[in-house]
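In what follows, chains are A, B, ... by sequence order, proteins preceding strands, each numbered from 1.
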4 protein chains.
Amino acid sequence: MEPVVPVAVVGASGYTGAELLRLLLVHPHVRIAGVYAKRAAGEKLSSIFPQFAGRLDLAIRSFDAAEIAAAARVVFCALPHGESSPIVAQLYEQGLTVLDLSADLRLHDPAAYKEWYGHDAHPLCAQAVYGIPELARRSLRDVRLFACPGCYPTASLLALAPLVYADLVSREGLIVDAKSGVSGAGRAATQSVHFSEIGEGVRAYKVAGTHRHTPEIEQGLGARGIIFTPHLLPMTRGILATCYATPTDPARPASAYRDALASFYSGRAFVSVVDAPPDTAHVRGSNRAHVFATFDARARRVVAMCAIDNLTKGASGQAIQCMNLALGLPETAGLDGVGMFP
Amino acid sequence: MEPVVPVAVVGASGYTGAELLRLLLVHPHVRIAGVYAKRAAGEKLSSIFPQFAGRLDLAIRSFDAAEIAAAARVVFCALPHGESSPIVAQLYEQGLTVLDLSADLRLHDPAAYKEWYGHDAHPLCAQAVYGIPELARRSLRDVRLFACPGCYPTASLLALAPLVYADLVSREGLIVDAKSGVSGAGRAATQSVHFSEIGEGVRAYKVAGTHRHTPEIEQGLGARGIIFTPHLLPMTRGILATCYATPTDPARPASAYRDALASFYSGRAFVSVVDAPPDTAHVRGSNRAHVFATFDARARRVVAMCAIDNLTKGASGQAIQCMNLALGLPETAGLDGVGMFP
Amino acid sequence: MEPVVPVAVVGASGYTGAELLRLLLVHPHVRIAGVYAKRAAGEKLSSIFPQFAGRLDLAIRSFDAAEIAAAARVVFCALPHGESSPIVAQLYEQGLTVLDLSADLRLHDPAAYKEWYGHDAHPLCAQAVYGIPELARRSLRDVRLFACPGCYPTASLLALAPLVYADLVSREGLIVDAKSGVSGAGRAATQSVHFSEIGEGVRAYKVAGTHRHTPEIEQGLGARGIIFTPHLLPMTRGILATCYATPTDPARPASAYRDALASFYSGRAFVSVVDAPPDTAHVRGSNRAHVFATFDARARRVVAMCAIDNLTKGASGQAIQCMNLALGLPETAGLDGVGMFP
Amino acid sequence: MEPVVPVAVVGASGYTGAELLRLLLVHPHVRIAGVYAKRAAGEKLSSIFPQFAGRLDLAIRSFDAAEIAAAARVVFCALPHGESSPIVAQLYEQGLTVLDLSADLRLHDPAAYKEWYGHDAHPLCAQAVYGIPELARRSLRDVRLFACPGCYPTASLLALAPLVYADLVSREGLIVDAKSGVSGAGRAATQSVHFSEIGEGVRAYKVAGTHRHTPEIEQGLGARGIIFTPHLLPMTRGILATCYATPTDPARPASAYRDALASFYSGRAFVSVVDAPPDTAHVRGSNRAHVFATFDARARRVVAMCAIDNLTKGASGQAIQCMNLALGLPETAGLDGVGMFP
C-alpha cells in the first residue's frame, strides 16, 4: 500500500488553489498538511471558500518555508506570476518536491522569457521540467521541480503536438483559436469579469501575438510565428482549442490525422480521441482531455481540437498528475473521475 | 477491507443515471456490472454521454431482470415515474437491493398517492424506506428497498425538519419557495428547457398546490397545507429552498434556530450549518447540504434555507449514501468530495 | 407635434445611466444634451460603453449644475445613494425637472429613513414624488422632483398593491421572496459579482429584515413587518417577486385575485395581467410588467407575482415614464417596445 | 411624412419571426397587418410569445397568399429552408415586396446550390437580391425580392469583404472561426439545445466544409476553399466571426487594415469600426455590427473580426433594413437603437 504523502498548498485563496484542495482532499495517497495564502491568512479556509465548510476546517496560514518543509513533502505553488519564483526557490532549497503553477519557470529559452516578460528569467528555469506528462520525453519519476503549463498551452499542445511531431502538418502557419471560461482570469474582482459584462457575450482579447501563452505553445511545438487568439466565453470552466494546420501531404486521408492522435495517446489514461468535435462540458471538473482531428478536403487544411477543463487538466489536476508520477504513485490516483455532465 | 459490490444502473440514459455512473465509477467498494436503458439500448454509453469516452466503455443493454440478478447485488432504478414500480418489483423479487429514484414508492399514504397521481399506489409502497438518511428514524442497515426522495423534498426537509421536529416552528402556515436548476426537468427535449427560453430568465411553475413534491414534503414534516412554489432558474444544477415558518415562541433568540440545526446535524457528514445564506454553487456536484436558519424579528418569522445539488444530494448521491448504509459500508464512501466551485 | 426636450444624464458611467441613454436615444421627443460622470470624465462615452460607438459620440463631462441648467430642461440622476441628494438639490434649485434614481428621497417618513440609513433624511424628501405612475394617487403632470423607486419595490408593489388597496389580502404577514439579476448590484467590480462566483448558483442575501428596500415596500403598502428576501440569480437583468399573502376572506374564488389585478391595471399601457406565472425573460429590456395572482386553496393563501426588467421598469424606463407624464408627453413615448425574447 | 406601410410576417412562431415583430412594432412607418404560421395557427400570438401580451393582441393565421396580398404591401417570410421558396413564389406573384429569410434563394450559382442542398435551386434564385446593404453593388430601391443572408455569412462578410475587395488580403487560405449563440438553431426542441447540454460548455459542429453557410461566404468574397468552423456557445444571441487572412503585402502596417474597414464603411449607419476586439454583448438586440482588423506581425497574418446579433443584423433587423431601402424609407427607420448592454 502506498504511503500517505503530506502536501501543502501555497496560494490557496485563488481558483487553482481551491481546485488543488478539492482534488487533494479525495486523493487516496495524500494528506493536506497546510494551506497558505497572503490574502486571508488567519482566516478559516471555509470563510473564503464555503464549499469546504464542515469538510476541511483548516485555518489559512502565512507563508513560512521552514514550517512547510517540516510538515510536508510536496508543495503546490498557485501564486501569481512574478511572485512565485522566489517562493519556489526557497521551497526547492528545503528539499521539497515543488509544483509551480505560475508562468515563472515555463520557458526554457531565457531570451524568449525576457522578450515576453520584460525581465530576466529566474535561474531555476533551467531545472524545471515542463509538466505535460503525455508530451514528456523523459520519465518524471523523482523530478523535484515542475513548471506546470498554462491552460491554453495544455489544450493547444495536446491537439497539435502529435501531428507536428509526426510531421503530418507543417510547423509554419499554425493557428490556435482558443475559447476559454472566465475562471482562467483568476478570482480577482475586475470589471472585465463582472457577470453582467461577460454574460451573453463573447470577445477576443490580447490578439495578434500579445498573449504570453504564445511562446509556451511555440516552445512545445518547436515552431515560430503561431497565431494564438484567446476568447472569453460566458462560462466558468473549460478551454476549447480549435487549431488549423497545413498538412505536409494534402493527399493523405482524413483518418490519418485521427489515427495519429489515437496512436500517440494509446495507453494514456487521460486523453481520449473522440469522433465528434469535443465539448468542454464533457470534461468539466475532470483531468481528462478530448482530442479530435479531421481534414478539410475543400480547403486542404487540417483542423484539430482539444477540450479540457482549464482549472483541472489545464492547471491543478495536471499538477497532481505530475506529482503522482514524480512520487511513483499510480498516474491516475485521485484523478480517475469523469467530467461532471450535465 | 470491504468487498467490491457489483451494481447495476437501470435508466442510464437520463441525467440521474449519468450522475449515478459518475459517482459509482470512483466508489472504492463498488464495481459497475451493467447499464440498462430502453432508449439507446445497444449503443455505447459514450455515444449518449461522451464524458465516459475512454473511461467506461460499456454498451447499454435492454432491461433483463434475470441478467441483472445474476450480475449484480445492488441496482439503481433511474426511470420515469410510472414506469419504475413494475421494474422495481421484478428486481426486488430477485433478491436484489433496490434503490428506486422515481416517485412511485415515496408516499406512505395510499390515499395521498391516489389524490396526487390519479391512480392506485403500488403495493411495494408499504415496504419501501424513504431515503433521507439524516432524517431516518431507524437504522438503514440491510434495508432492501429504498424510495429515494425528490430533489425538492430533500432540500425542503433538510431545512425544516429539525425545526418542526423540535417544535420550534408551527406545522401550520409553512411556505417553501424553491429555486431549481434545469437538470431537474430531465434530459427530454422540450421547448421549456431550450437554452434560449431558459437563459437570462426566471419563472415559477406548477404553483398553488399543484406540484407533486408537495405531499412528499408534507409527509416528511407531518404537516398539511404547505405552500410549495417551485421556480426554474438559468442554471443546470442546484436547488435552494427558502422556507418561511411561524415560531412557536416569538421571544426566542435568532440563534436558537441555528443551534437547533447544528444540534440535529451534529455528527452527520454531509450537512453543514452555515452562517451566511447558502449558495448552491458551493455544493455543486457533491453530496453535501448547506443549511441555514435565522429569525426575522420585525416580521416575527423564521427563515430557513437549504442548498443542495439536485442531481447529487437531491437524487443520485443520496441514493448511493443509502446503499452505503444498507450494505454496512462507510456512509461517505465514494461521496466524500466537496462542491466543485467555481 | 411635441417639442424636443433637451435632457441630461448625471451618473452616466453606471448601468442605470447606460440604460437611460439607450432609451433616451430613441425617444422621439427628447434630445440628449449632455452626459456627466465623476468616473471617466473627459473620456468618450463609447470608451466605457462600447455599445454607443458610432451612434452617440459624446464626451463624458464633470458635473456642473449651471452648465446643465443652461443646456437641459430635464435631468436624470443615476448616482450612488448618499451622493445623490446634494446634486439633486442643486439641480432642482436651478429650476430643472429632476428624476433621482437613488434611494435618497424615497422614504416619506424621516424616522424610517434614519432607522434604515443611519443619518437624517434630506429635506427634499418632503417634496419628492414617488415615481410608480401606476400607483400614483395624483397627477404627475408638472411634477418637478421624482424619487424613482428601487427595482425590488417596483416589482413587489405592482404585484401586491392592487390586492392590499382593495382589501383582498391582509397587510399582516406579507412575504416577498424576490429573485434578481446581477445588474441590480451595479457596475462596480466586487468578488460577489464575479462571473465565476455567480454562474450556476443562487443564494439569498441581506435576509431577515436587513435590506433597505424593505421600508420602501412597506411604505407603498401601508404595512409593517413584511418579510423581504432578495436572491441573486445567474442572469444579468430581471426581477421576479413571488409574494405570499393572507386573504381577508378565504372563501373567495382564485379568479377574484386575478380580476382585481386586471381591474386595477385596466387602461395602463405597461402592465399586463398574465394567466401563467410570469417570466422575466419576456419583459427583458422593456418597460413592461407582467403580473399574476392565484389562490392556493389547500394552504388558503394568495400567491401573487410580478416580473420586470430591473434596469428598465425597475429603474431607467420607469424614470422616463415619469418624465413623459410630468411633461405632458404620451406616457409610452420612447417606451413602447416589448421584451427582447429570446 | 412617410406613409404607413402594411406588412405581414409569415413564419411568426420562430425566433426570427418574433424578432421581426419586436422590431416592426416600433417601426414608425409600418403597421403589422397580419401574422401567419402553420404551427399555432388560430392561437393568440401572446400564447406562444408572451412578450407580446397586452401589446400586440393578434391571432396567428394560416397562410393565405391572397389574404396577405389584400392586406399587406410587404411580407417577411421566416420559414424553414425548403419550405420557403414555394410560399415566396406565391407572394411574389401577387405583387408583394418579399423578404425571404430562408436559405432557399441565397446562392446565385445553381450548381453550387445543388452541390450543397442536394436538389435543384428554385428559379427565383436568379431574381433575388442578396440582402447585405453595406455590400450591395446596386441600389436596393424598388427591389421586390430579397434573399436575406444567413447570420454567419453576414458576420463573416462584414469582416472580410472590405479587405478582399481592396485586394489587401488574398482570396486563398481564408479561415472563419465563428462563435454563435444558441438562438441560431431555431426554436425547435432538440436535445442539442437543452439548457443543461449547452450551459457551461463550447463545441464546434459541422466542421471541415460541411456547414451550408460556407458557399454563401465564398460567394460573397469570390473565393473558394474557405475554412468555416461554427461553434455553439452558452449564450442566446450573438455571433462573433474571427477571421484569418494572408496579406497580399506583408510589409503593410497594421493600421492599413483598420483604415480599409473605416473607409469602406464610411457613412454607413450600422457598422462601426472599433479599436478593441468587438464583443457580441455590445450589439445585442441591435442592427449594429462592430468590426475590427489588425495584423499579427510575428505570424504575418491579418486577423479581422465582426460581432453582430444573429437575430437582428444577422436576420430580422437586416431584412427590415432592406425593406427600408427598397421602399425609399430612411435606412435606419425603426432600427436606430444601440445594443442592450448589459
Inset, instruction - Let me know if D/F270 has heavy atoms under 4.5 Å from chain C in its side chain, its backbone, both or neither. - result: neither
Legend entry - Contact class of D/A18 relative to chain C, heavy atoms under 4.5 angstrom: side chain
Legend entry - Max heavy-atom pair count under 4.5 Å with chain D, selected residue of C/R187, C/H282, C/E200: C/H282
Inset, instruction - Pick one of side chain, backbone, both or neither for C/L21, based on which atoms fall under 4.5 Å of a heavy atom in chain D. - result: neither
Inset, instruction - Look at atom CZ of C/R61 and say whether more than 12 heavy atoms of other residues, nucleotides or ligands are closer to it than 6.0 Å. - result: no
Legend entry - Contacting moiety of D/R288, where chain C heavy atoms sit under 4.5 Å: side chain
Legend entry - Contact leader toward chain D among C/H290, C/R284, C/R237, where contacts are heavy-atom pairs under 4.5 Å: C/R237
Inset, instruction - Could you list which of residues 331-342 of chain D have a heavy atom closer than 4.5 Å to any heavy atom of chain C, in residue-number order? - result: D/D336, D/G337, D/V338, D/G339, D/M340, D/F341, D/P342
Legend entry - Pairs of heavy atoms under 4.5 Å with chain D: top-ranked of C/S272, C/P50, C/S46: C/P50
Inset, instruction - Using non-hydrogen atoms and a 4.5 Å limit, figure out which bit of D/V26 sits close to chain C: side chain, backbone, both or neither. - result: side chain
Legend entry - Residue part contacting chain D, namely of C/R55, when any heavy atom lies under 4.5 Å: both
Legend entry - Per-residue contact mode, D/L56 against chain C (heavy atom under 4.5 angstrom): neither
